[in-house]
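Proteins get letters first, then strands, A, B, ... in listed order; numbering begins at 1 in each.
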Protein chains: 2
Amino acid sequence: MRRTKEDAHNTREDILNAAVTIFSEKGVGASTLEEIAQKANVTRGAIYWHFKNKAEIFDALHERMHRPIVEMLIEDIEKDHPEPIQQLRDMCVRLLMNIEEDAMKRQAMMLFIIKTNYSGDMAIYKENYLAKKEEGKKLFRRYFEKAQKAGKLSKDSNPELLTEAISCYMKGVLHEYLINPEGFNMKKKAPQLIELFLNNIGLNEGN
Amino acid sequence: MRRTKEDAHNTREDILNAAVTIFSEKGVGASTLEEIAQKANVTRGAIYWHFKNKAEIFDALHERMHRPIVEMLIEDIEKDHPEPIQQLRDMCVRLLMNIEEDAMKRQAMMLFIIKTNYSGDMAIYKENYLAKKEEGKKLFRRYFEKAQKAGKLSKDSNPELLTEAISCYMKGVLHEYLINPEGFNMKKKAPQLIELFLNNIGLNEGN
DNA sequence: GACAACATACATACATGAATGTATGTTAAT
DNA sequence: ATTAACATACATTCATGTATGTATGTTGTC
């Protein structure tokens, strides 16, 4: 039966929210539309009304789930801070902690780093994933550029390489956490791991 | 018809080798026994003669694929070296390079880090994965312990934390490489990334 | 040594269930 | 009255697991 536009919008949201949960638990490939429908309290017919297939659901999720994390970084880098490396350090710790606390962000990371197999039907989304990853790296890079401009990074530092390194490290820490959340004490480890790495960057910090 | 024991053994190996390739391309969940059978030039009947199901193939692969990497680390750590941190540095670089060059090792990493969704039927293998990961970490730790004993690590260093850090970092670098091998220049980046990282966590050469 | 009986190592055929996509029915908004 | 937003029914395909067929290695008996 026909519903209001608001009801239809809510149904679509329910489907997407259900999909996030199922996808991030079971992986995209092993999730069925029936499961998603049940989780959303609708039938598969409703899913097919709103989306062409599973891949289109994934597509709809893609941007919306990256956004909060990207926005967090953008918001932070645009703040004035006398010590950009310290700023980056705090940001990394905060990001890791926040991913643990905020289910939406955690599911986003789980979905894109662990639970999506970018081959077969999903291969077309690898470009999206790589683009988003590159976007995140550019944001990290801005911290180093800011530090360099402020003279807080030694002359022989290479922002490109530092960006690459912190990206790898953050991904590694996240992967370790996401693969076994109960076995990884994020509150304790995030500060330790990040400080260990970022402590010696720009040894003229505070000069 | 009955074959020789050697023929049967060869068939089993063909099946396992085919499975590695298919699994590491398509992911375990999206691989079918028919594909593996075709790759191995046998029928599904042969697979069912040798293995109960897909999971049992995965099980058979588990130990054998970790072994070369673990052995590489064991062999290295057991060598006498006056500079254990330098030794670790070289080992990390060599490991990354070797994973790029050696298809077996690369497929192993691809399979266990990227292409296996440890949920559903595969959830029972998560423990195996975590155990192997822990084994690798213990080997990394031995470098730090060796360095500490040789007085090449400062008194306030924490081998546990250093082990955790290098493990996360190596995983991050590998993940970056494996998700997009064509876009990652391992020969150029591995030495740079490893040197930068170890320098920044206070493991400067010549300490 | 010859040969029959048995069993192995597959190949092929059959049975089934699950998931997807499409068609059709229903009902309420517009 | 029309049509959107679903729910339900139908059709199809695919992958898995099981059953059966085939032919050759192995072993025991004569």
Side-chain angles (χ1 to χ4, degrees), chain A residues 1-19 21-61 115-117 119-125, chain B residues 1-19 21-61 115-117 119-125:
Chain A
M1 70 179 181
R2 187 166 171 163
R3 272 94 167 179
T4 61
K5 291 204 169 186
E6 185 183 347
D7 280 347
H9 175 79
N10 287 341
T11 298
R12 192 175 188 275
E13 289 296 301
D14 288 345
I15 291 167
L16 289 174
N17 288 335
T21 302
I22 303 289
F23 282 168
S24 65
E25 275 170 25
K26 294 169 185 275
V28 180
S31 302
T32 66
L33 293 186
E34 182 58 37
E35 287 174 311
I36 293 168
Q38 281 177 22
K39 184 80 184 175
N41 289 305
V42 298
T43 62
R44 282 196 304 111
I47 296 186
Y48 279 106
W49 172 260
H50 287 276
F51 303 97
K52 184 183 170 204
N53 51 28
K54 196 195 293 182
E56 200 174 287
I57 298 175
F58 183 79
D59 199 29
L61 288 172
K115 299 286 189 175
T116 306
N117 170 18
S119 55
D121 290 347
M122 297 301 290
I124 61 173
Y125 295 105
Chain B
M1 71 182 181
R2 187 169 170 162
R3 271 91 165 181
T4 61
K5 290 201 173 190
E6 184 184 347
D7 281 347
H9 174 78
N10 288 341
T11 298
R12 192 173 187 275
E13 289 295 301
D14 289 345
I15 291 166
L16 290 174
N17 288 335
T21 302
I22 303 290
F23 281 168
S24 64
E25 276 170 22
K26 296 171 183 275
V28 179
S31 302
T32 66
L33 294 186
E34 182 59 36
E35 288 174 310
I36 293 167
Q38 282 178 21
K39 185 80 184 179
N41 290 307
V42 298
T43 62
R44 284 197 303 111
I47 296 186
Y48 279 105
W49 172 260
H50 288 277
F51 302 97
K52 185 184 172 204
N53 52 27
K54 196 196 293 183
E56 200 175 288
I57 298 174
F58 184 78
D59 199 28
L61 289 172
K115 300 286 188 177
T116 306
N117 171 20
S119 55
D121 290 348
M122 297 302 288
I124 59 173
Y125 295 104

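- The heavy-atom pair separating B:Ile15 from B:Ile36 by the smallest distance is O-CG2, 3.8 Å.
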Between the protein and nucleotides 10-16 of chain D, list the N/O to N/O atom pairs that are separated by less than 3.5 angstrom.
from: D:dT16; atom 1: OP2; to: B:Leu33; atom 2: N; distance (Å): 3.2

Working for side chain to side chain contact (heavy atoms under 4.5 Å, CB included), residues B:Phe23 and B:Leu61: CA-CA 11 Å; B:Phe23 281 168; B:Leu61 289 172; 3.8 Å; yes
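- Checking side-chain atoms of A:Asn117 against main-chain N and O of B:Lys26 turns up a donor-acceptor pair under 3.5 Å.
- A straight line from CZ of B:Arg2 to C1' of D:dG25 spans 5 Å, rounded to a whole angstrom.
- When rounded to the nearest whole Å, the span between CD of A:Glu6 and P of C:dA29 equals 13 Å.
- Closest contact between the side chain of B:Trp49 and the listed nucleotides D:dA4, D:dC6, C:dA9 involves C:dA9.
- When the nearest nucleotides of DNA chain D are assigned to A:Ala46 and B:Thr4 by heavy-atom distance, the more 5′-ward of the two goes with A:Ala46.
- For B:His50, a side-chain nitrogen or oxygen approaches OP1 or OP2 of C:dC10 to under 4.0 Å.
- For A:Arg3 and D:dC6, the CZ to P distance is 5 Å, given to the nearest whole Å.
- The distance between atom CG of B:Asp7 and atom P of C:dA7, rounded to the nearest whole Å, is 21 Å.
- Remark: A:Phe51 pairs with no residue by the ring pair (Phe, Tyr, Trp, His ring centres under 6.0 Å) rule, at least two apart or across chains.
- Under the side chain to side chain contact (heavy atoms under 4.5 Å, CB included) criterion, A:Asp121 pairs with no residue, sequence neighbours left out.
- Side-chain N or O atoms of A:Lys54 include one that pairs as donor or acceptor with a backbone N or O of A:Ser31 at under 3.5 Å.
- Rounded to an integer number of Å, the gap from B:Ile36 CD1 to D:dG17 P is 12 Å.
- One atom, CG of A:Asp14, and another, P of D:dA5, lie 15 Å apart when rounded to the nearest Å.
- B:Arg12 places its CZ atom 16 Å from the P atom of C:dT8, with the value rounded to the nearest Å.
- Side-chain atoms of A:Lys115 do not come within 3.5 Å of backbone N or O of A:Val28 as any donor-acceptor pair.
- Between the P atom of C:dC10 and the CG atom of B:Asn10 lies a distance of 9 Å, rounded to the nearest Å.
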